[in-house]
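Notes for the one structure printed next.
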Amino acid sequence: MAFYIDRRKSKVWNYYTKLGDAYVECNICKKQLCFHNSTTTMREHLVRKHSMRNTLLSQLKDDHAAEAAQESSAQENGTKRPGQAAPESWVYPGASCSEPRSEVIAELMLEMIFRDLQPLSVVKDQGFGLLVGFLEPGVALPSPAQLAGKLRHRYAVVKQHLERYLQTAQSVVVCVERWSSHLGCTYHTVTATFIDEEWRWARCGLETRQADGDEGGVGEELSATLSQFGLSAKAVSWVMHDRAETRGPLEKTPGWSSLCCAARTLQLCIQAGLEVEQVQEALSVARGIVRFFQQDAKAACSLNSKLEAINKTKLKLAMDVASRWVTTVEMCENLLDLKWAIMSVLEEHPKGALAVQNLADHQWKLLQDLVLVMRTIRIATSFLREEQNVSISSLMPCVHGIMATIGQQAGEAGAVTKAVIGVIGSELRQRWGLAEEGKVLENPAVIASFLDPRFKEMRFLSPSLRSELHQRVKHLLSQLPHHQSPPAPQLGVPNWGHKAEGGDVGSQLPAAHKDRCSSTPLQSIYDILLGKDPTESMPEIHQQLENYIVEPLCKRSTNPLDWWKNNEHRFPAVARLGRRYLAIPATAVPPGQAFAAGESALEHRRAALAPDSLDQILFLHQNFEFLESLKKGNESWSSNPR
C-alpha cells in the first residue's frame, strides 16, 4: 500500500487526510470531520483535542489567515481553490523560516523526550528509527549528543522564564521528594509552591540532584538550589518533605520550619494500626492465599471458571505493598468479594504438605471490619485529591473527620478492630500535634484552615481554642510588613448633619450639658453614655479580620483561591496572610501521585533516565506546559524572558 498524504498550502494538512470532497480524517486520532473548503474546524480540532496550542497555534493562525484570504477571493470568482503541494520545508515555532524540515523533526523529538520522560538514547532504538523512516523517508535522525545540546538550550530558556515568574512570589514553600532510580541511585527533587499575584496555584520544579547520603546537608543543598533561581533562604516560609529522617536537618536551618507530607504521615499512622498482632496474623494468611493463586496455575484456572459462573471475572487477586496502605485495602476487598469462590477452590485442593492455610471465620470478619475503617480514610484522601483541596487548609477538617467517624465505628466493632482504631487515632493526634491543646495552634494547617473561607468557623476546635486562634491571627497580621491599603468603609457611623428623630440632638440633652455642647464634639457626648466606640481604637487590619470572621461560609466545592481573588480588596491584609498559608500543599508531590496505589507510568520512566540528562528532562517536563499557559494568559510575556 502506498503511503500518501494530501498536502495543501496550509500546514494543517500535515495532520489530515482528505476523504472525498466533504470529509477529512485526522491522522492522529482517526476522527472524521466535515470539510467545506475551510480548515477552521480542522485547526480547532488540533488545538482542542491534541493540545497543539503550545507548538503550532501561532503558525496555524498565520496559515489560516492567508488561506481565508484565498478562499474569499475564490468565492468571489465562483471557483474552488485547488489543492497545492506543501513546501518541502516548514518552520517549528520559534525557528527561522529557512530552517529545514529535519531540524523541525529534531525539535519535536526533543519535546517527545521531555514530555513523555524518554531517554535521549531513544533515537538509537531500531523500532523508533523504522517508524520515523516510514513517516519521513530519508530523514537523518539526530544523535543523542545533538539532542543533548538542544536540551541544554531549551532548559536555559525555560529556566530564565521561571526565574522571572518566581520573582512575583511573596513567599514560597519548598517541597523535597526523595526517590530512587532503577540503578539504585537516590535523588532529591525540589519543587516550589506559591500563589501568584493572580491567585493562581503554582507548583514549579526547581532541581533534581543525586543525594550524597548525608542528610545533614539537605539544608545547604536547598539554599544552593534557591540561589540558582534568584531566591534567598528568607523567601522560604516552610519546607515540605516526605521522609521523617529529613526533618532534623531542615529544622536546623535558621528561619525554616519543616512539615511532613500528609500522605506519608497518614501511611505511618495506618501502618502502626495494622501492626496489631491479630491483624498481622490475618494479613499474613491473606497474603498466603493470594500468593497461592498467583503461583498455582491449576488453582488459578479453577478460580477463574468459578468467577465466570458468577460474572466476577473483572475481579483479580493482587498482593499488597507494605509501603502503600491503599493496596492492603484493595487486597482485602478483593478477597472478601471472592470469598465464596476462594473457599470452594481451597476445599477442592489436595490436603497435606501442599495445603494452603485458609482464613478462619473470625479473621474473615476482622478483614471486613478493617475494610470499613479504611474506606473512611480513603474517602478523606479522595477529598484531598480534588483540585480545590490541594492546600493544607483542607487537611485538618479531614483529619478530625477521620477521627470522629472511625470513633463511631469503634462502638460496633470487635475488640481487635477497636484496638486498631485506637492506635490510628492516637497516631493521628500525636503526629499532627492534636494531643495537647497548647500545641494545636502551632500547626500551620490550623491557621490555613481558618484562612480558607470554607472552614473558617473551625468547628473542630473548642470555643476557647477558636478565641485563642483569632488572637494568634491578629498577632500574625500585626507582624506583616507595612502595606498601605485603602481605608475601610465606615459602617454604622451616625450622620451628624441631620436631626435625630424628635428634634436636635443637643436640644434633648440635660441643661447641665448644654453649655458644653458648643465646645465638645457630639461623638464624645455619646461616649459619656455608651463608653468609647471600640472600633475607633481598633487597628484597620483587626477590623478586616473581624469582618472576615462574620462573612458567610463558602460551599465546600468552592475554590478558596477564586474566593480570595474576588474579595482581596475587602480584606487586603488578611488576604496577604492567606496567600502565604494557603500556598502550603498538603503533600510533597501532587496529591494524585501521593495517594496513588502504585507508581505511575511517568514515575517508572523517570527512574530509568540516565543521570547526565535527568535533571534537565524532569525540569522541562514539570514546567514547560505550565509556563506556556501563563504566557498565553499574560501578554507581557515576550520571547525574551529578561
Side-chain angles (χ1 to χ4, degrees), residues 244 260-295 303 315-343 345-346 355-382 384 398-432 434-435 594-598:
C260 189
C261 171
R264 176 64 177 169
T265 303
L266 195 57
Q267 170 66 35
L268 295 175
C269 294
I270 296 174
Q271 186 175 329
L274 296 180
E275 287 177 356
V276 173
E277 183 178 357
Q278 295 90 331
V279 175
Q280 284 294 305
E281 292 175 356
L283 291 177
S284 178
V285 177
R287 293 180 183 116
I289 295 174
V290 175
R291 190 178 301 110
F292 167 71
F293 283 102
Q294 288 178 340
Q295 297 176 353
L303 178 62
L315 295 176
K316 301 293 181 183
L317 294 178
M319 188 69 71
D320 68 332
V321 180
S323 60
R324 294 182 183 266
W325 64 271
V326 177
T327 61
T328 303
V329 179
E330 292 177 350
M331 180 185 72
C332 295
E333 284 178 333
N334 291 341
L335 282 169
L336 290 167
D337 288 338
L338 304 178
K339 177 181 177 181
W340 172 84
I342 290 172
M343 295 184 71
V345 174
L346 294 182
V356 60
Q357 183 181 356
N358 192 4
L359 288 162
D361 290 342
H362 71 277
Q363 290 177 322
W364 282 109
K365 179 64 168 61
L366 175 58
L367 293 186
Q368 187 174 359
D369 291 344
L370 288 176
V371 165
L372 290 176
V373 174
M374 297 304 168
R375 281 176 179 170
T376 298
I377 303 176
R378 194 161 57 183
I379 291 172
T381 62
S382 297
L384 293 174
C398 273
V399 171
H400 283 84
I402 290 173
M403 292 191 296
T405 305
I406 65 177
Q408 294 174 358
Q409 293 171 340
E412 302 176 357
V416 179
T417 306
K418 284 183 180 179
V420 173
I421 292 174
V423 172
I424 293 177
S426 176
E427 290 286 326
L428 290 173
R429 285 187 289 271
Q430 179 182 351
R431 293 185 180 276
W432 270 301
L434 306 177
F595 294 113

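A380 and C398 get closest at one heavy-atom pair: O-SG, 4.0 Å. Listed here is the closest heavy atom pair of A341 and L303: CB-CD1, 3.6 Å. The two residues W364 and L335 make their nearest non-hydrogen contact at CZ3-O, 3.6 Å. Scanning all heavy atoms of the two residues, the minimum distance from A286 to M331 falls at CB-CE, 4.2 Å. The two residues T327 and A597 have their closest heavy-atom pair at CG2-O, 3.1 Å. Taking all atoms of both residues into account, the shortest heavy-atom contact from A282 to L366 is CB-CD2, 4.1 Å.
Residues N358 and I289 form a side-chain contact, since some pair of their non-hydrogen atoms from C-beta on lies under 4.5 Å apart. No side-chain heavy atom of E427 sits under 4.5 Å from any side-chain heavy atom of Q271. For the pair V356/L346, a side-chain contact is recorded, criterion being any heavy-atom separation below 4.5 Å from C-beta on. Within the 4.5 Å cutoff, side-chain heavy atoms of H400 are placed close to those of L434.
Applying the side chain to side chain donor-acceptor pair (under 3.5 Å) rule to pairs touching residues 275-295 yields R287-D320, sequence neighbours excluded.
Between the R378 side chain and the V326 main chain, no donor and acceptor come within less than 3.5 Å of each other. Not one N or O on the side chain of N334 forms a donor-acceptor pair closer than 3.5 Å with the backbone of L317. When atom types are taken as modelled, the side chain of Q267 and the backbone of W325 share a donor-acceptor pair closer than 3.5 angstrom.
Here K365 pairs with D369 in a salt bridge; the nearest charged N to carboxylate O distance falls below 4.0 Å.
Here the options are V371, L372, I377, the test is side chain to side chain contact (heavy atoms under 4.5 Å, CB included), and the partner is M374; only I377 passes.
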Report task. Walk me through it: do L283 and L367 pass the test side-chain contact (heavy atoms from CB on, under 4.5 Å)? Result -> CA-CA 8 Å; L283 291 177; L367 293 186; 4.1 Å; yes
Query - Audit row: L428, L266, side-chain contact (heavy atoms from CB on, under 4.5 Å) steps and yes/no - result: CA-CA 8 Å; L428 290 173; L266 195 57; 4.0 Å; yes
Can I get a per-line list of side-chain donor-acceptor pairs under 3.5 Å for residues 409-426, giving both atom names and the distance, sequence neighbours left out?
residue, atom, partner, partner atom, Å
Q409, NE2, T376, OG1, 3.0

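A distance of 9.5 Å separates NZ in K316 from CG in L338, rounded to the nearest 0.5 Å.
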